[in-house]
Amino acid sequence: MTQTQDRTDPGATGPATFDSLNPTTGDVVGTHPVHTEADVRAAVERAREAAAWWSALSFDEREALLTTWKGAMTRRVAQLADLMHQETGKPHGDALLEAALAIDHLAWAAGHAGKVLRRRRVSSGMIMANQAATVEYRPLGVIGVIGPWNYPVFTPMGSIGYALAAGNAVVFKPSEYSPGIGEWLARTFEQAVGRPVLQVVTGLGETGAALCRSGVDKIAFTGSTATGKRVMATCAETLTPVIIEAGGKDALLVDEDADVDAAADAALWGACSNAGQTCTGVERIYVHERVYDAFLDSLTGKARELRADAGPGSHLGPITMPKQLDVIRGHIQDALDRGGRAVVGGVDAVGERFVQPTILVDVPEDSRAVREETFGPTVTVAKVRDMDEAVELANATRFGLGSTVFSKARGPELAARIRSGMTAINGVISFAAIPSLPFGGVGDSGFGRVHGADGLKEFTYPKAVARQRFKPMLALTSFTRTEKAEQQLAQLITVLHGRGTTIPR
Ligand code: NDP
């Protein structure tokens, strides 16, 4: 069964449509247009006009309008969470948490855009002392946002909210699994602001590809590494810049002095919340040998209390994308075939829609469960002799999105040694909820940043201006330049930069 069904009838007239389905029940949640290349271009044209108006507003005026939108979303947050629950299957409480964090980010972006981006004076230096130098960050124009389904509000809003606050218009292509949520965001924005500064286009991968080719000024993509490569290739045709927020294989390290119970609690949440469908989810755990047994006891005890089903009080929702079930089953099977053991769950934990928590030990480091993104409520746990080995194994991956360290004494030191865009110390995924921190990865996890001051700047270009205040003492950039001026420059540069140790011959 595919969740998205193309309902194009060759005999019928009118636009093609597709259904979004409830992954728990299979019910149709909504029917949406498959927007064509022409539809996407028309949306970008409308966005361009709206961008001209939006970018001409002051930071304060934009903040006021974004605050109106924020208020509208907040007052209807239960409605939004319900739609998220229906389209992705995630528990209502998790949907509410996700929406609340997204709203908090929007508030930060709107409130800080002026401070981060507005024109400021910078030093012009001794040689150019007659100049006044300023830099400001101008909006790029129209941003195309392509989002995933796993956090269908929080993830795209990391681009949408920051791009809007920086003065851009946005055309958003949500995942085919969560189109209704994209439409909900655009509709509430239209009601609050009254102009098409945020629009949504729906459809399958082709609609996303059309957005890449549509002449937008930047694409902010969040999704898998494989699709990220395709997006980048398409964008290269028109030299459209891209941000790639891709997958991860995040590690959690437990040091010998860690609060073992707190580490197990955080590890379980990091591995299993949202049914493990989290880009910064914990997929690998490395534990100091002195606390390994205590940690594993605590983790397995807690994991056995979790339930994934459609009943009330269930902790985990279904796997949103049915084809992912085969990937999860394949990773568990590979781990077991190669000598690993499932101390909780196992291959039978993978059902038709739901996957029960699965904890794997003794799994070889070169197996699929350790190397590839599993995207299910599974995790590998390995014993290490010391934290040097833990860091080395954590870094032995092409991904580099997030990471976690549990240690009383060495948290910052270990965090600095892990090659990942973000690290949580004695907490899990906490960096994502702090709006002033940049979010993004390295390696196969992508590049570019959303959130924080870096996230605002990502949707701008720096505009540098040098204004002559008075005639220069040394006229250097003129064909009337004299030899005397050149000598004076040589003297000045020696005074400024000539000191330092002499290089031995
Ligand atoms: P996909 O890569 O399958 O899809 C992401 C988006 O790209 C969807 O909107 C999809 O549309 C669209 N798309 C597909 N093909 C193309 C194309 N050729 N050109 C342009 N757009 C296209 O990812 P998922 O939706 O399955 O999301 C899960 C992945 O996202 C995981 O790998 C996860 O780690 C990652 N992720 C990363 C985050 C981060 O911040 N680093 C955050 C959240 C998730 P359609 O759905 O219609 O096919």
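Side chains included, hydrogens not; waters and symmetry mates left out as well; all remaining heavy atoms used. One-based numbering, in listed order, for ligands and for the atoms of each.
Annotation: cation-pi geometry satisfied between Lys90 and Tyr151 (NZ/CZ under 6.0 angstrom from ring centroid, within 45° of ring axis). For the pair Lys249 and Phe399, the NZ or CZ position fails the cation-pi test of under 6.0 Å to the six-membered ring centre and within 45 degrees of the ring normal.
With atom 38 (C) of ligand 1 as the reference point, the heavy atom nearest to it among Cys279, Gly441, Gly421, Gly248 is part of Cys279. Taking only non-hydrogen atoms, the option from Gly144, Pro148, Pro174 nearest to atom 27 (O) of ligand 1 is Pro148.
Contacts of Glu373 with ligand 1, taken as heavy-atom pairs under 4.0 Å, involve the side chain alone. Contact annotation for Ala246 and ligand 1: only backbone heavy atoms (N, CA, C, O) come within less than 4.0 Å of the ligand. Residue contacts with ligand 1, taken as heavy atom pairs separated by less than 4.0 Å, do not involve Tyr151 at all. For Thr222, heavy-atom contacts with ligand 1 shorter than 4.0 Å involve the backbone as well as the side chain. Residue contacts with ligand 1, taken as heavy atom pairs separated by less than 4.0 Å, involve Asn150 solely via side-chain atoms from C-beta onward. Contacts between Thr278 and ligand 1 below 4.0 angstrom, taking non-hydrogen atoms only, are absent altogether.
The closest side-chain heavy-atom distance from Val350 to Val347 is not below 4.5 Å. Side-chain contact between Asp250 and Glu283 is absent, with no heavy-atom pair separated by less than 4.5 Å. Ile181 places a side-chain heavy atom less than 4.5 Å from the side chain of Met84. Using a 4.5 Å heavy-atom cutoff, the side chains of Leu185 and Val200 are not in contact.
How far OG1 of Thr397 is from CG of Asp444: 7.5 Å, rounded to the nearest 0.5 Å. Between atom CG of residue Leu268 and atom NZ of residue Lys302 there is a gap of 8.0 Å, rounded to the nearest 0.5 Å.
Every residue meeting the side chain to side chain contact (heavy atoms under 4.5 Å, CB included) condition with Ser403, not counting sequence neighbours, appears here in chain and number order: Ile418, Ser420, Thr423.
Among protein heavy atoms, atom 15 (N) of ligand 1 sits closest to Thr227 CG2, 3.4 Å. The nearest protein atom to atom 46 (O) of ligand 1, hydrogens excluded, is given as Glu176 N, 3.0 Å; this is a heavy-atom distance. The protein heavy atom nearest to atom 28 (C) of ligand 1 is Phe375 CE2, 3.8 Å. Atom 26 (O) of ligand 1 has Trp149 NE1, 2.9 Å as its closest protein atom, hydrogens excluded (heavy atom only). Protein heavy atom in closest approach to atom 23 (O) of ligand 1: Ser224 N, 3.4 Å. Given atom 10 (C) of ligand 1, the protein heavy atom at minimum distance is Lys173 NZ, 4.0 Å. Summary of contacts: the protein heavy atom closest to atom 8 (C) of ligand 1 is Gly147 O, 3.3 Å. Atom 21 (N) of ligand 1 has its closest protein heavy atom at Gly208 CA, 3.6 Å.
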- ring pair (Phe, Tyr, Trp, His ring centres under 6.0 Å) between Phe431 and His451, worked out: CA-CA 10 Å; Phe431 42 74; His451 302 176; 9.7 Å; no
- List the steps, then state whether side chain to side chain donor-acceptor pair (under 3.5 Å) holds for Thr374 with His331. CA-CA 7 Å; Thr374 309; His331 284 199; 2.8 Å; yes
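Residue Ile146 has at least one heavy-atom neighbour below 4.0 Å for each of these atoms of ligand 1: 6 (C), 7 (O), 9 (O), 12 (C), 20 (C), 21 (N). Residue Val231 has at least one heavy-atom neighbour below 4.0 Å for each of these atoms of ligand 1: 19 (N), 20 (C), 21 (N). Of all atoms in ligand 1, numbered sequentially from 1 with element shown, those under 4.0 Å from a heavy atom of Leu204 are 47 (O). Every atom of ligand 1 with a heavy atom of Leu401 under 4.0 Å away is listed here by number and element: 41 (N). Interface of Gly203 with ligand 1, defined as ligand atoms under 4.0 Å from a residue heavy atom, comprises 47 (O). Of all atoms in ligand 1, numbered sequentially from 1 with element shown, those under 4.0 Å from a heavy atom of Phe221 are 2 (O), 5 (C), 6 (C), 7 (O).
With hydrogens and angles left out, the side-chain atoms of Ser20 and Glu87 include a donor and acceptor closer than 3.5 Å. A side-chain donor-acceptor contact under 3.5 Å links Trp69 and Thr188. Side-chain contact, Gln79 with Trp184: a donor N or O sits under 3.5 Å from an acceptor N or O.
Proximity of Gly446 to ligand 1 is not established, as no heavy-atom distance is less than 4.0 Å.
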